[in-house]
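Quick notes on the structure that follows.
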Amino acid sequence: MKNHEVAEILSKIAKALALKDENFFKIRAYSRAARAIKDLPEDIEEISKKESLTNIPGVGEGIAKKVKEYLETGKMSKYEEVTRDIPKSLLTLLDIRDLGSKTLGALHKELGVENLDDLKKVIEDNSFQKLEGLGDKSVEKIMENIKVYEKRMGKEHRFLIGEVMATVDQIMKKLKEVDLVSRVAPAGSYRRMKETVGDLDILVESNDNRKVMKKFTAFSEVKKVLESGETKTSVVVEGLDIQMDLRVVPKESFGAALMYFTGSKDHNVRIRSLALKRGLKVNEYGVFRNDTMVAGKTEEEIYKFLNLQFIPPEIREDRGEVEKAMEGQLPKLLGYGDIKGNLHTHTRYSDGENTIRELVKKSIEFGYSYLGISDHSKTASYANGLSVNDLKKQCDEIDKLNKEFDKIRILKGIECDILPDGSLDYDENILKSLDFVIGAIHSNFKKKVTQRMEKALENPYLTILAHPTGRLISKREGYDVDLGSVLDKASKEGKILEINAYYDRLDLDEHNAREAYKKGIKLMINTDAHNLRMFDWMILGIGIARRAWLPSSAIVNTLTLKDFLKAIKRNG
DNA sequence: GCCGTTTTCGGCCCGACTGTTTTCAGTCG
């Protein structure tokens with residue numbers, strides 16, 4: 001899959017053109033094509049072979065030809081051409097905050113800056129400051145940002161959404177307590193439930209901007225204030241070192257601002273162009289016809305005014321949702337309150353932090369009607385996997401708890417290792433005695449993963465296949481698995497595939513979940529929880545399903561207890 | 001360079017904040 005490298009090369013062309021002060025729209029066209037290809041769910045080589053690259057929105061005849069050239073020869077002459085007189089080390093300097101193409105272009109042209117060392121040199125010898133429009137403050141800012149840049153050395157750092165959730169909740173809670181604040185909402189990729197976020201956007205409804213900004217910048221969670229104006233304040237959050245932008249807007253504009261800052265950028269551009277064609281202007285303050293505001297209080301009002309169905313934040317990516325909304329053909333997505341139970345949980349029996357009783361109580365509080373316990377199996381010694389005796393003891397405890405609690409049904413299960421030969425980790429008799437069996441690969445990643453998974457799927461006692469690709473976001477690529485083949489097998493055997501909602505897995509991801517759904521495979525969102533934060537992780541899993549455009553009917557654990565038990569009934 | 005509810009040319013989303021400036025350019029989102 002060459003999507004990423006093609007996107008990278010197009011993005012570099014965009015940067016190089018920007019440094020040369022080329023036509024702004026041409027630059028944007030390359031950037032847009034790069035992003036579209038990066039986010040593409042399918043393999044670009046497949047698209048190139050089977051259909052036309054111009055089917056990708058943002059890719060026209062020109063770029064298609066260049067991409068094709070690259071796919072066939074491994075080279076792109078346009079790239080060679082535009083970077084001939086621009087060193088690659090210069091392009092990466094654009095990742096330094098507040099150092100844009102105009103300034104860097106001038107530095108290159110006037111002072112011959114080619115890399116980070118050159119940049120530092122011209123700052124030290126004061127030649128930087130002599131360029132037009134640059135003074136002491138600019139230099140100071142850039143110097144500060146160079147330090148940040150060096151720390152992460154050009155890598156684009158993104159935070160896992162699960163890492164930032166607690167902080168976002170806490171800061172929002174404090175904002176709600178500020179006087180004259182009537183509403184607080186997250187926006188940006190956080191609201192769109194992307195698996196990672198680059199920064200955080202928070203929106204506040206208030207008529208006293210100054211007071212809110214003053215209170216906010218004084219929060220103990222704020223490490224540093226980057227900028228602070230009437231409507232916008234940017235800070236760095238203590239601990240995480242993530243940037244947070246706070247916007248304060250009046251009531252009549254809240255919907256417009258929420259929509260605008262939720263994005264995605266492509267979605268917004270789409271909406272605004274659409275509005276323009278209808279003689280309307282959309283900005284973060286509202287929808288305007290000849291300077292008269294005609295909508296803006298809520299997002300619902302705005303979409304309605306534009307003659308569109310309401311588009312849920314999770315699918316605002318300009319991947320066809322605007323067209324569907326125009327035709328009134330958007331699917332009704334899985335709702336955050338639709339889930340009735342969770343099967344993948346760990347307790348103190350293996351590597352979890354809580355007792356079964358604690359998980360049960362919390363699940364009842366949450367209104368769930370079933371909870372499955374699935375600790376690790378005996379081979380998973382690193383995770384304190386259960387011996388046959390431990391497992392029997394656990395089952396006895398579950399029997400007792402089921403008698404004690406009548407609001408919820410506790411199900412006996414196991415997260416059973418799929419061994420190198422594709423067999424499961426306990427004897428048939430043990431597996432038979434359980435309510436469900438989750439099969440999972442935890443070791444020997446290089447050993448015939450596809451065959452092992454498929455053999456496990458043939459096992460009559462296996463109920464669910466856990467984290468099917470094994471990826472850990474931004475840490476590990478995942479198993480060397482032919483997922484298409486595994487999906488076909490799961491479909492044939494009628495087995496359930498897991499959407500593992502644990503925040504560093506989110507596996508299946510939105511694209512693969514969509515593929516599985518299209519093949520008619522039953523899916524289940526599981527938290528893989530090791531503590532009581534399982535309900536946070538469940539939200540992330542639901543977010544993935546929504547981003548994959550899945551309706552509630554695609555997800556097994558939206559079923560009532562009775563129907564759910566029917567659905568997990570195994571063949572054997 | 002892309003694209004079409006003014007469709008093969010002529011547009012292309014829009015505004016806030018900052019710094020260096022007396023009106024604006026650069027950067028960011």
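In what follows, chains carry the letters A, B, and so on, assigned in the order in which the sequence lines appear, proteins first and then strands, with residues in each chain numbered from 1.
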Counting the atoms with a prime plus P, OP1 and OP2 as sugar-phosphate, which does [X] contact under 4.0 Å by heavy atoms, base, sugar-phosphate, or nothing?
X        : answer
A/Lys281 : sugar-phosphate
A/Lys66  : sugar-phosphate
A/Leu94  : nothing
A/Asp98  : sugar-phosphate
A/Tyr30  : sugar-phosphate

Where do N or O atoms of nucleotides 16-19 of chain B meet protein N or O atoms at under 3.5 Å, pair by pair?
from, atom 1, to, atom 2, distance (Å)
B/dA16, OP1, A/Tyr285, OH, 2.8
B/dA16, O3', A/Thr231, OG1, 2.8
B/dC17, OP1, A/Glu230, N, 3.0
B/dC17, OP1, A/Thr231, N, 2.7
B/dC17, OP1, A/Thr231, OG1, 3.1
B/dC17, OP1, A/Lys232, N, 2.8
B/dT18, OP1, A/Ser228, N, 2.8
B/dG19, O3', A/Ser138, OG, 3.2

Worked check of side-chain hydrogen bond (donor to acceptor under 3.5 Å, both in side chains) between A/Asn512 and A/Glu515: CA-CA 5 Å; A/Asn512 289 329; A/Glu515 281 305 304; over 6 Å; no
What is the separation between atom [atom1] on [X] and atom [atom2] on [N], rounded to the nearest whole Å?
X        : N      : atom1 : atom2 : result
A/Leu274 : B/dT6  : CG    : P     : 10 Å
A/Lys265 : B/dC14 : NZ    : P     : 13 Å
A/Met244 : B/dG29 : CE    : C1'   : 16 Å
A/Gln243 : B/dG29 : CD    : C1'   : 9 Å

Any A/Arg97 side-chain nitrogen or oxygen under 4.0 Å from OP1 or OP2 of B/dG26: no
B/dC13 phosphate, OP1 or OP2, under 4.0 Å from A/Asn268 side-chain N/O: no
Donor-acceptor pair (no angle test) under 3.5 Å: A/Tyr260 side chain, B/dG15 base: no
Whether A/Phe310 and A/Tyr303 hold their rings parallel, tilted or perpendicular, with breakpoints at 30° and 60°: perpendicular
Pairwise distance CD(A/Glu5) to NZ(A/Lys38) - rounded to 0.5 angstrom: 14.5 Å
Whether A/Ser273 side chain and A/Val269 backbone form a donor-acceptor pair below 3.5 Å: yes
Minimum heavy-atom distance between A/His511 and A/Arg319, given as atom pair plus value: CE1-NH1, 4.0 Å
Of the listed nucleotides B/dG1, B/dT27, B/dC14, the one nearest the side chain of A/Arg272: B/dC14
Lys/Arg-Asp/Glu bridge criterion (N-O < 4.0 Å) met for A/Arg210, A/Glu230: yes
